[in-house]
Every structure is written in structure tokens, then in C-alpha cells.
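To find a chain, count down the sequence lines: A is the first, B the second, and so on, and within it residues start at 1. Only heavy atoms go into these numbers, but all of them, side chains included; no hydrogens, no water, no symmetry mates.
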Amino acid sequence: MPELPEVEHVKRGLSPKIIGEIITGVHFSEKVTAGKSSGKQTIIKGTDLETFERNIIGSTIKALDRRSKYLIFTLENEWHEHYIISHLGMSGAYFVVDQLEDIGIPNYINHWHVAVHLQSGRQLIYSDIRRFGELRYIERLEEATQIMAIAPEPFDDEALDYYLTQLTASKWQGRTIKEAIMNHSVVSGCGNIYACEALHLARINPNKTVKRIGRAKRIELFQAIVHVLNEGIKYGGSSISSYRNVEGKEGFMQTRFNIYGRKICATCGGPVSQKVIATRNTHYCTHCQK
DNA sequence: TCCGCGCCCCGGCCGC
DNA sequence: TGCGGCCGGGGCGCG
């Protein structure tokens, strides 16, 4: 599933293919059309399909940015800048193709949901097998309340101080460190897989409560989070369950994992413990992580 | 007003 | 080989 490194790759792959393009039309799959007409918010959130198309048609795609696991498409027409905020959910993927079949992967062809037609004749396709993802049109970035509330990007200078400050809040003291770092108000974009890897790298048992971890160890953990996220970006993201980049290729970060999804700890060779922590399947090594 | 819990959305895939 | 049940990011309703 797409986490921060995967979304970063989508951004990098997509940007050169779509920036400067003018949107000439939008088509939606039958699933989206049916879902929306039955009152659900199928993929297209906040507006009806006609409004979504009317709002973006004729606009130029000026920029593509990533914030946490969200993509932000900046559009511009003769009146103003406006935006599409997109989350890939569990199984979302973007492609830029001349025609749908060029995606080449049957599941992503069958489960296409939004086709944004571009002036060049190509299409920006959003495919999503489980339909947990979203595209949301907004006039102003301030409307993206779910993005405004999240911590700074982990790579930003202020992110460490922000994280340390958040961890001092009373609500976190009795909770597990894993739950804390997976919360977007503490660290931005650290999902389950990278949380497991970072805790392993920092040699912290994920069951440990926040109050039992000192400042130096907290800092070490933050640096581990930044490290594993950077590794994830470097190795093309991980392709546990269905992630594909813009070229339809899998990442290979999953071959670099030291603890997640493994039976044997990559550090000591001991057995990996598995347990649900903070509602998520957690892998850790009781020998290496104290 | 804020918080936390449970539910919901879905199809792949695991295990019986 | 068939099928029931589990998984999971994030929004939302409710207590």
C-alpha cells in the first residue's frame, strides 16, 4: 500500500508528465457514477461529478506537490489558482497514457475510476482497486483541513522539535510509542510498515509507553523514522500489496526490510514477534528491541 | 467542546 | 476448488 515514500515516487514520476498540461475533460467509471448517484462519496469527495469536471476543465496543471501521503495538484485558470487533493488510500495509482490499455496491468485497467483528459491527447488515469482513495476539489488550500492538521514533513528542520513537543502532551504518556509515531499530528506520513522498521532501527520495543522513553531515545527514534523514509524513497517504495508507480513498476524497498513481514530478525537472526499494537499488525524483535 | 470508539467503504487473499 | 472472513487509511457519527 502507498506510504509516504511511495507517494513521493508518484509525485516525481507524474510531475514531468502532467505539469503544463491543460485539462480538457474528465470521465468517471461506472462504479464512481453509480456510487455517487446512490449518495456515497465514491473517490470523488465533496462535490458531485459534474461540479468536479466543470471546476477543473480548462485549467492548466501548474504544480504537483506531496504533503504527508497526500498529493496536491495546483491548477490555474484565468481567474485563480485552485487545487485537487488526492490520497491513494490502500490501492490507488496514477498513470499517464494515450489509452487505458497502455497501463498494461489488468487490475489497474479494470479498476480505473477517473480519467482526466489532457490537451496533448494523453490521459491522467486514477485507478484504485479497493476504492479507498480520493480526489477532492478545493478552491483554497485552507479548505484541506485534513492536511492542515498534520505535523511538518519529517525532512523539514522544524519537524523534530514539533515531534518532541507533541510527545510531551499528557494524552501520549500512557500510550505506546508506536501509536504515537503513527499519528499524523506527531509525525507526518509514518505508516505501519515504516513505523515497525524505525522502531527496530532505534531498538525500541513498540509496546513501550511514551513516558518510559527519554529525550535522547526519542530523538534517536525520530532520526530512525527519517532514515527509513529516505531509504523507502531511495529504493522506489515498497510494494506490499499492490503498490505500483507511474510506470506501473513495483518498488523494491520490501527487500530491504529488517523486521516488517519477516520471520527472522535481520539483526540477530532471532524469531520475529507479531502482535496487534495500535490496531495494526506489528513486527518486532524482543531481543533487539527493549 | 473534545475525545475515543466503532463503523464503513472494498476486493485480494488466506485458511479452512 | 469454493467460500467466508479478515485486513486496513481515514472520515464520520455517536456517546
Considering residues at least two apart in sequence or located in another chain, which fulfil the side-chain hydrogen bond (donor to acceptor under 3.5 Å, both in side chains) criterion with Glu139(A)?
His80(A), Tyr137(A)

Those residues at least two apart in sequence (or on a different chain) that pass ring-ring contact (aromatic ring centres under 6.0 Å, His included) with His200(A) are none

Sequence neighbours excluded, which residues qualify as side-chain hydrogen bond (donor to acceptor under 3.5 Å, both in side chains) partners of Gln274(A)?
Asn281(A)

Running the 4.5 Å side-chain criterion over Ile, Leu, Val, Met, Phe, Trp and Tyr, what cluster does Ile277(A) land in, apart from itself?
Tyr284(A)

With B for base contact, S for sugar-phosphate-only contact and - for none (protein heavy atoms under 4.0 Å), nucleotides 9-14 of chain B reads BBBS--

Rounded distance in Å - OH (Tyr194(A)) to C1' (dG9(C))
16 Å

Validation: residues 219-227 of chain A side-chain donor-acceptor distances under 3.5 Å, sequence neighbours left out:
residue: Glu220(A); atom: OE1; partner: Lys217(A); partner atom: NZ; Å: 3.3

Glu3(A) CD to dG9(C) C1', in whole Å, measures 10 Å

Nearest heavy-atom neighbours spanning Ile22(A) and Gly58(A):
CG2-O, 3.9 Å

Sort me out a list of protein N/O and nucleotides 10-15 of chain C N/O pairs below 3.5 Å, or just none if empty.
residue: dG10(C); atom: OP1; partner: His87(A); partner atom: NE2; Å: 2.3
residue: dG10(C); atom: OP2; partner: His184(A); partner atom: NE2; Å: 2.5
residue: dG11(C); atom: OP1; partner: Tyr70(A); partner atom: OH; Å: 2.9

Starting at atom NZ of Lys171(A), determine the distance to atom C1' of dC5(B), rounded to an integer number of angstrom.
13 Å

Which residue pairs pass the side-chain hydrogen bond (donor to acceptor under 3.5 Å, both in side chains) test with at least one member in residues 174-185 of chain A, sequence neighbours excluded?
Arg175(A)-Glu179(A), Lys178(A)-Asn192(A), Lys178(A)-Thr282(A), Asn183(A)-Ser185(A)

Range-with-range stems of DNA chain B (Watson-Crick or G-U pairs under 3.5 Å, three or more in a row):
B:3-16 with C:2-15

Using whole Å, report how far CD1 of Ile277(A) lies from C1' of dG8(C).
17 Å

Members sharing Tyr162(A)'s hydrophobic cluster (side chains within less than 4.5 Å):
none

Contacts satisfying side-chain hydrogen bond (donor to acceptor under 3.5 Å, both in side chains) that involve residues 25-48 of chain A (not counting sequence neighbours) are His27(A)-His117(A), Ser29(A)-His113(A), Asp48(A)-Thr51(A)

Would a 4.5 Å heavy-atom cut-off, applied to side chains only, mark Tyr94(A) and Leu71(A) as touching?
yes

Nearest-angstrom distance from the residue atom CZ of Arg280(A) to C1' of dG8(C)
6 Å

If the condition is salt bridge (Lys or Arg N to Asp or Glu O under 4.0 Å), which residues does Arg256(A) pass it with, not counting sequence neighbours?
Glu231(A)

Under 4.0 angstrom, heavy atoms only, what part of the nucleic acid is Asn281(A) near: base, sugar-phosphate, or nothing?
sugar-phosphate

Could you tell me how far apart Gln274(A) (CD) and dC6(C) (C1') are, to the nearest whole angstrom?
13 Å

